[in-house]
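One structure is given below, encoded as structure tokens.
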Amino acid sequence: MLDIKFIRENIQVVKTGLERRNGKFPDLDDLLRQEEERREGLQESEQLKNKKKKLSAEVGKLKQQGQDASKQMDEVKNLNVFIKELDEKVEGLETIIHEKLLGIPNLPDENIPDGVDESSNRFIREWGTKPDFTGESLNHVELGEKLGLIDLKRAAKISGARFAVYRGAGAALLRGLINFMVDVQTQENGYEELYPPFLVNEESLLGTGQLPKFGEELFAMKNDPLFLIPTAEVPVTNFHRDEILEEESLPVCYAAYTPCFRREAGSYGKDTQGLIRQHQFDKVELVKFSKPEDSNTELEKLVQNAELILKKLNLHYRVMELCVGDLGFSAAKTYDLEVWLPSQNTYREISSCSNFIDYQARRAKIRCKKKTGGKPEFVHTLNGSGLAAGRLFVAILENYQNADGTVTVPEAIRPYLQGREVLST
RNA sequence: GGAGAGGUGGCCGAGCGGUUGAAGGCGCACGCUUGGAAAGCGUGUGUAGGUUUACCCCUACCGAGGGUUCGAAUCCCUCCCUCUCCGCCA
């Protein structure tokens, strides 16, 4: 959420920033008019409250002395009518203003490219090379089903479209990948592991920005006000909601494995085949809380932390900087990691690493106390996938397939599969 | 799910309906003291909003939301959370 004070004082900056994004947002001039009205009402009400307080104290004194205080009492009663009226007006305006603020996305970082979709994303770097398949190569569904690693048909029977059953060595590989990723991030990159709840309340989803605007993407519980998490970002960022952190403790870095649940409401017909787009998938998420002045450096580190997984698995990938049109609602700047998928002859997103600056922190009230004193200020929050396990599974099958239809297990994963080197029938 | 107890500042812990934003303690910061440290002494130390160049000042906040009252941390109602016991359960 943007700071209303900031909007007031930098209206042109905000307007310019929002114009870069496509979409409809609340009218800012209206918003500022309402804010002005709110402050006027507030001041008036506070003045009356001050008067009331003084009168009530007088009543107390007079009564102690056994004197008549009915005049003061009547006066306060009278004041209360006006105060109530003003407070109701102010409260109403506050609600409207708050709701509007929740509907305004973050301002994009000044330096990210303009553009309406991914075609304007900026190439940053790439690593590794595309595998060279002389013969015909198979896609991950063909490989996975042939080798008995996944069962999509039975998953559809159990749950419906966009679900998968991993079985046998496939299940072990998925589990191994998750453990591998958590181990690398905790042991080599210094993250603390968190294992959070997979169901969260509404406040948490408001804090990270999924609600109120994107409720249709969430699976909701029928009998309880809870939602399945669409990403570990939600429980992990909200871990410190309503808290004031010590400046010396920053950056605070967490890695969390969770399954993620998404309704994929806006993606009918997209990626319907295979494991690419599922209602349930597994992901190791990296979350950072940083000092404001360090967040851009921390974003670069975060991307590298995620890249390390792909390097260790020797998978070809590229790093893209998202243009404004491709940028998420709460993010100011985002890098995507895209892994090479031979079957689609293209790169597919396997990680998205974002700096939200103070946008989520303001919503979720996550601050830090400055060592030099002064008011606590909002921290910057960042997160990124490190990585999405399902898509990583896909990338391994397709990039590590052999001419005979078997799949070589990447060396880094072998310890997690009892030393197994090849997946075959 | 049933019964009971409780939720007060970074932490512990007082608090009769009337200058209580809140005693006391711990912690922390600064100063004095010391060769240095500890101890001791002194001072300071919540958050948000409004106003202000700044200081000041004002308003709100004692789990959340309502109510009673001239006046509520203190009384009443609803909800949330924690703990104990019982039930159920992996």
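Here the structure is a predicted model, which is why all the values come from computation and not from measurement. What's counted below: heavy atoms across the whole structure, side chains too, no hydrogens, waters or symmetry copies. Convention: sequence-line order gives letters A, B, ...; per-chain numbering from 1.
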Using the test salt bridge (Lys or Arg N to Asp or Glu O under 4.0 Å), find all partners of [X] that sit at least two apart in sequence or belong to another chain.
| X | result |
| --- | --- |
| A:Asp30 | A:Arg33 |
| A:Asp87 | A:Lys49 |
| A:Glu411 | none |

Could you tell me how far [M] sits from [N] if I compare only their [atom1] atoms? Round to whole Å.
| N | M | atom1 | value |
| --- | --- | --- | --- |
| B:rG63 | B:rC81 | C1' | 7 Å |
| B:rA39 | B:rU47 | C1' | 35 Å |
| B:rG42 | B:rG46 | C1' | 22 Å |
| B:rA38 | B:rC28 | P | 11 Å |
| B:rC80 | B:rG87 | P | 25 Å |
| B:rU19 | B:rA72 | C1' | 15 Å |
| B:rC75 | B:rC16 | C1' | 13 Å |
| B:rU20 | B:rC57 | P | 16 Å |

**Q.** Full working for salt bridge (charged side-chain N to carboxylate O under 4.0 Å, His left out) between A:Arg277 and A:Glu264
**A.** CA-CA 8 Å; A:Arg277 191 174 301 276; A:Glu264 296 295 348; 3.4 Å; yes
For the atom pair [atom1] ([X]) and [atom2] ([Y]), what is the distance rounded to the nearest 0.5 Å?
| X | Y | atom1 | atom2 | answer |
| --- | --- | --- | --- | --- |
| A:Leu275 | A:Leu397 | CG | CG | 8.5 Å |
| A:Lys283 | A:Ser351 | NZ | OG | 8.5 Å |
| A:Phe281 | A:Arg391 | CZ | CZ | 7.5 Å |
| A:Gln280 | A:Phe163 | CD | CZ | 6.5 Å |

Q. Can you tell me how far C1' of B:rG10 sits from CG of A:Leu245, to the nearest Å?
A.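 So the two atoms are 13 Å apart, to the nearest Å.
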**Q.** Nearest-Å distance for atom pair CD/P, residues A:Glu247 and B:rG10
**A.**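 Checked: the CD to P distance equals 18 Å.
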Q | Pairwise 5' ranking along RNA chain B for A:Val59 and A:Ile244, keeping only the more 5' one | A |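 Here A:Ile244 is the residue nearer the 5' end.
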Q | Nearest-nucleotide comparison on RNA chain B, the residue closer to the 5′ end among A:Lys52 and A:Ala57 | A |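 It is A:Ala57, whose closest nucleotide lies nearer the 5' terminus.
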Q. Taking atom types as modelled and ignoring hydrogens, do the side chains of A:Asn314 and A:Tyr400 form a donor-acceptor contact shorter than 3.5 angstrom?
A.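 There is no such pair (donor and acceptor under 3.5 Å, judged by atom type) between the side chains of A:Asn314 and A:Tyr400.
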**Q.** Reading 5' to 3' through nucleotides 77-82 of chain B, protein heavy-atom contacts under 4.0 Å coded B for base, S for sugar-phosphate only, - for none
**A.** ------
Q | Nucleic acid footprint by protein, nucleotides 48-67 of chain B - heavy-atom cut-off 4.0 Å, B for base, S for sugar-phosphate alone | A | SBSS------BBS-------
Q: Test salt bridge (charged side-chain N to carboxylate O under 4.0 Å, His left out) on A:Arg241 and A:Glu203 and set out the steps.
A: CA-CA 9 Å; A:Arg241 171 150 52 86; A:Glu203 293 83 77; 5.1 Å; no
**Q.** Structure string for RNA chain B in dot-bracket form, Watson-Crick and G-U at under 3.5 Å, | interchain
**A.** ((((((((.[[[..)..(.....]]]((((((.......))))))(((((......))))).[[[[[..)....]]]]])))))))....
Q. Thinking salt bridges, do A:Glu298 and A:Lys301 make one under a 4.0 Å N-O criterion?
A.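 Judged by the 4.0 Å cut-off on N to carboxylate O distance, A:Glu298 and A:Lys301 do form a salt bridge.
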Q) So what does A:Asp74 touch, heavy atoms closer than 4.0 Å: a base, only the sugar-phosphate, or nothing? A)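 Result for A:Asp74 = nothing.
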(Q) Counting the benzene-type ring for Trp, do A:Phe393 and A:His140 have ring centres under 6.0 Å apart? (A)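 No; A:His140 has its ring centre 6.0 Å or more from that of A:Phe393.
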